[in-house]
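Only one structure is covered here, and it is reproduced in the block below.
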Amino acid sequence: MRLSQMLFVTLRDDPADAEIPSHKLLLRAGYIRRIGSGLYAYLPLMWRVMQKVSQIVREEMNATGAQECLLPQLQPADLWKESGRWDTYTKAEGIMFSLIDRREQQLGLGPTHEEVITAIARDMIRSYRQLPLHLYQIQTKFRDEIRPRFGLMRGREFIMKDGYSFHTDEASLKETYQDMYKAYSNILRRSGLAFRAVEADSGAIGGSGSTEFMILAEAGEDEVLYTEDGKYAANVEKAVSLPIDAETSRFTTYEKRDTPGTETIEKVCQLLNSSPTQLVKNVLYQTVYDNGITVLVLVSIRGDQEVNEVKLQNELTKLASEYGAKTIINLNVPNVEAQQAWTTKSLPLGYIAPDIADEYINANKQIHPKFLRLVDQTAVDLKNFVTGANEAGYHVVGANWGEQFKLPERVVDIRKSRPGDRAIHNPEQTLASARGIEAGHIFQLGTKYSQAMGATYTNEQGEEKPLFMGCFGVGVSRLAQAAVEQSYDKDGIIWPVAIAPYHAIVTIPNIKDAQQIEIAQKLYTELNQAGIETLLDDRDERAGVKFKDADLIGIPYRIVTGRAIANGKVEVVERATRKSQEIVIDEVTTTLKQWITEAIGHRDLG
C-alpha cells in the first residue's frame, strides 16, 4: 500500500481524553477514531492488526477441532430469564443494553452468548454420539459500561472470540479445558506477547474452575499475585495465601476500655499499644437479592486484613436460596443515609462488636430481621483479642470466642491476599505482584446453564442427562491494544512482528530524487511479491516527518533509500531495537524474509 493513497492522519499531541499510553498512541498514529463514548472506528491500519490476531485465533481454535459459526447479536430476553441472568445483567451489573421491539418484546444486545448457544444445543444435540462438540465465533459484543475508558480496553462495543463446548461428563470437559489452555497460550505466544495464566473468579459467567490469561503491562487494570517458583498465579480477586502470623496479645483479662476518637484500626491500636493482628474488626455490608430482599451482613475479620468483596459476594450468592432468591443485584457498605431505611437507632460505627444486636434492624417485608454473621478464618483462632464494645468511644480487650462472644456459625475465607503473603503450596515462597490486562478467560461451566435451560442428551443407557459445558473467550480488540501497552517507547508503537499491520515500510527521504524513487518502488514490489507486507511512504513530506511517522505507527522494519544507494545499499532499521545496518539492495528481500520467518514462523509468511 502506498501511504499517499491511504487514509493516514497522525496527530502531533496526545488527545485530551486518552489516559493510558496505548490509547494515546493508537489515536495519535491513526489506528482508531473515537465516534462516541466507548465507541471507536477501526481504521485501515488497525483493521489489519485485528485480522492478524483473528487469523492466529482461528488457526489455534481450528487445530483443536473447534468449529466456527456466527451467532446473533440481538438476543431474546426470554432466554436470559430462563438462565436467571436477565436481572443480573440488566439490573445488578447493568451491563446489557436492553430494548423493546415494535411487538413489545424484550431484547438485549449480547455481551456474551451462553444462553443462545445453550438454546441451540437444546434443540440440536440429542445423543452422546454427537459429543463432545465445540463451537466458536468471532463477533462484536456490547457492554453498557458505566465509565468507558482506555480506548479499546473498556469500550462499549468490542470484538471477541467466544467458544462453547458440550460434553457428556466432567472428564471430557476438563480435556477440552486443557486443550484451550494450550491453545490460548499458543495464541499469545504467536502474537509475540509476554503473559501469565492465572487462577480467576468466574464472576457472572458462573461455573467452577476458570483461568485468565493476563498480558503483562504496567497499565493493567488487574493485579496478579504469583510465586517466583512458577507454581502459583492468581488474580487478586481469586488469590489465596497464608497471612503473617498474629502477634501474641498483651491483654490477659477481659475488660471494657474508654477509647474516644478511635474509629479506625490505626487509632485504636495506637491508643491501646496493640497489634492490628490481635484486633477483630466488624464490617457491615448490605446486600440486595434479586427478589428484593435486603440482608444485613456483619463480617468479622482480623484487623490487619481487608475483605475481598468478590469472595464475599460469592459466599452470599451461595446463600441466595435461603432467602428465596437466585442471585445478588447489589452489595455495598451502607452509608448513614442508607442505614436510615432499616435502623431503629444509630449504629456505633467504628465500635461495632461481633454480637451487635439484631434489634438494630427495623425489619419489614423487604428487610431480613437478623444480621447474617460471617467470620473470616483469620479471626477464628485469635485469643484475648480487641474489638468494639457496641458503644461509641469504647472497645473491649482480652476477649475470646466462646466466652464473651459466640463464634459465628459460618466460617469463610474472604480476606484479600496481598504481596508478601506466604504461598499455601509452599510457605517459603511469598507472593509477588504484577499488573496485567485480561486478554483471555476460560471457564468450566459444568451444568449451570444446561440444567437451567433444559439442555440434555441421551446417554448409552438411554437416560436423559444435562450437558456439561465449557466457555472460552479471547478479547480480540483488547489483545490488539494490550500489545501496544506492553511494547512502546517515547516515539511510538513497537508492534510484535506477527500482528503488525505491515512487516516493513520503504521510506523515500527525497521524493524529488528519481533514483531514490526507482529503488524504493523496486523494493516495494519485490517485498510484497515475496509475501513481506510492505508500505511505501511516497508522500511529499520532509524526511524527518516520514521517519517520525514510521516510528509512531510501529512498523517492525524501515527501509530507507537514502545516501547509501550510491554504494548499492539501503539502510534498514529495526523498530524494536533501533539497530540500523546497510544492506545490499539485492539482498534486502532475502534478509528481511529470514528475519520475519525467525520472528513469527514460516506458516505466517506467504
Side-chain angles (χ1 to χ4, degrees), residues 57-58 61-86 88-89 96 105-142 160-181 183-184 202-211 326-327 440-474:
V57 169
R58 271 195 186 92
M61 292 299 296
N62 293 346
T64 69
Q67 303 170 59
E68 187 172 3
C69 61
L70 190 64
L71 304 173
Q73 296 170 331
L74 202 58
Q75 305 182 22
D78 288 347
L79 291 179
W80 287 72
K81 289 176 181 176
E82 280 187 53
S83 72
R85 292 205 302 172
W86 180 256
T88 301
Y89 270 73
M96 181 185 277
Q105 292 183 322
Q106 281 186 308
L107 300 160
L109 285 176
T112 185
H113 278 72
E114 282 80 11
E115 283 76 7
V116 170
I117 203 75
T118 305
I120 291 170
R122 177 175 62 191
D123 293 345
M124 299 186 72
I125 295 175
R126 293 282 177 264
S127 165
Y128 70 93
R129 293 186 181 90
Q130 295 170 270
L131 301 170
L133 177 70
H134 188 172
L135 301 173
Y136 78 95
Q137 63 170 345
I138 296 175
Q139 170 72 288
T140 299
K141 306 281 185 159
F142 304 89
M160 182 177 174
K161 188 287 297 184
D162 52 324
Y164 306 91
S165 63
F166 300 91
H167 309 268
T168 56
D169 54 31
E170 192 172 5
S172 174
L173 166 58
K174 286 184 174 177
E175 283 182 22
T176 297
Y177 188 82
Q178 286 305 313
D179 287 345
M180 287 299 101
Y181 189 102
Y184 277 37
S202 296
I205 299 291
S208 55
S210 82
T211 301
K326 291 182 179 179
T327 189
H441 204 157
I442 60 177
F443 302 84
Q444 295 179 49
L445 295 178
T447 58
K448 172 183 167 75
Y449 294 92
S450 55
Q451 283 188 323
M453 299 180 68
T456 62
Y457 73 97
T458 303
N459 68 12
E460 291 182 68
Q461 289 73 41
E463 301 167 318
E464 201 169 287
K465 297 287 185 181
L467 290 160
F468 280 78
M469 290 176 61
C471 169
F472 316 100
V474 170

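Using a cutoff of 4.0 Å between basic side-chain nitrogens and carboxylate oxygens, Glu114 and Lys448 are not scored as salt-bridged. Salt bridge status for Asp169 with Lys465: absent, with no side-chain N to carboxylate O gap under 4.0 Å.
For the residue pair Glu464/Thr456, the side-chain donor-acceptor check at 3.5 Å is satisfied. Side chains of His113 and Gln139: no donor on one and acceptor on the other come within 3.5 Å.
A donor-acceptor pair under 3.5 Å is absent between the side-chain atoms of Gln67 and the main chain of Leu133, judged by distance alone. Gln137 places a side-chain N or O within 3.5 Å of a backbone atom of Leu71 that can act as its donor or acceptor partner. The backbone N or O of Phe472 lies less than 3.5 Å from a partner atom in the side chain of Tyr184, making a donor-acceptor pair.
With sequence neighbours excluded, the residues forming a side chain to side chain donor-acceptor pair (under 3.5 Å) with Arg58 are Glu68, listed by chain and number. Residues passing the side chain to side chain contact (heavy atoms under 4.5 Å, CB included) test with Ala66, sequence neighbours excluded: Met61, Thr64, His134, Tyr136. Under the side chain to side chain donor-acceptor pair (under 3.5 Å) criterion, Thr211 pairs with Tyr177, not counting sequence neighbours. With sequence neighbours excluded, the residues that form a side chain to side chain donor-acceptor pair (under 3.5 Å) with Ser172 are His167.
Taking 4.5 Å as the limit, every side-chain heavy atom of Phe468 sits out of range of all side-chain heavy atoms of Phe166. Contact check for Thr140 versus Gln73: side-chain heavy atoms found under the 4.5 Å cut-off. When side chains are defined from C-beta on, Trp86 counts as touching Gln106, because their heavy atoms get closer than 4.5 Å. Within the 4.5 Å cutoff, no side-chain heavy atoms of Ser210 are placed close to those of Gln444. Taking the side chain as every heavy atom from C-beta outward, Tyr449 and Ile117 never approach each other to under 4.5 Å. Contact of the Met96 side chain with the Pro111 side chain is registered, since non-hydrogen atoms from C-beta on lie closer than 4.5 Å. In this structure the side chain of Met469 reaches within 4.5 angstrom of the side chain of Thr118, judged on heavy atoms. Between Thr168 and Leu173 the shortest side-chain heavy-atom distance does not fall below 4.5 Å.
Note that SG of Cys69 is 9.5 Å distant from OH of Tyr164, once rounded to the nearest 0.5 Å. Remark: Met453 CE to Asp78 CG distance equals 10.0 Å, nearest 0.5 Å. Distance OH/Tyr457 to CG/Leu467: 7.5 Å, rounded to 0.5 Å. Within the model, atoms NZ of Lys326 and OG of Ser83 stand 8.5 Å from one another, a figure rounded to the nearest 0.5 Å. Interatomic distance, Leu74 CG to Leu109 CG, rounded to the nearest 0.5 Å: 6.0 Å. The distance from the CD1 atom of Ile125 to the OG1 atom of Thr458 is 11.5 Å, given to the nearest 0.5 Å.
Looking at every heavy atom in both residues, Leu107 comes nearest to Pro76 through CD2-CA, 3.8 Å. Closest non-hydrogen pair, Met180 versus Ile442, comes out as CB-CG2, 4.2 Å.
Applying the salt bridge (charged side-chain N to carboxylate O under 4.0 Å, His left out) definition to pairs two or more places apart or across chains, those involving residues 117-138 are Glu82-Arg122. Counting only residues at least two apart or on different chains, no salt bridge (charged side-chain N to carboxylate O under 4.0 Å, His left out) pair has a member in residues 449-463.
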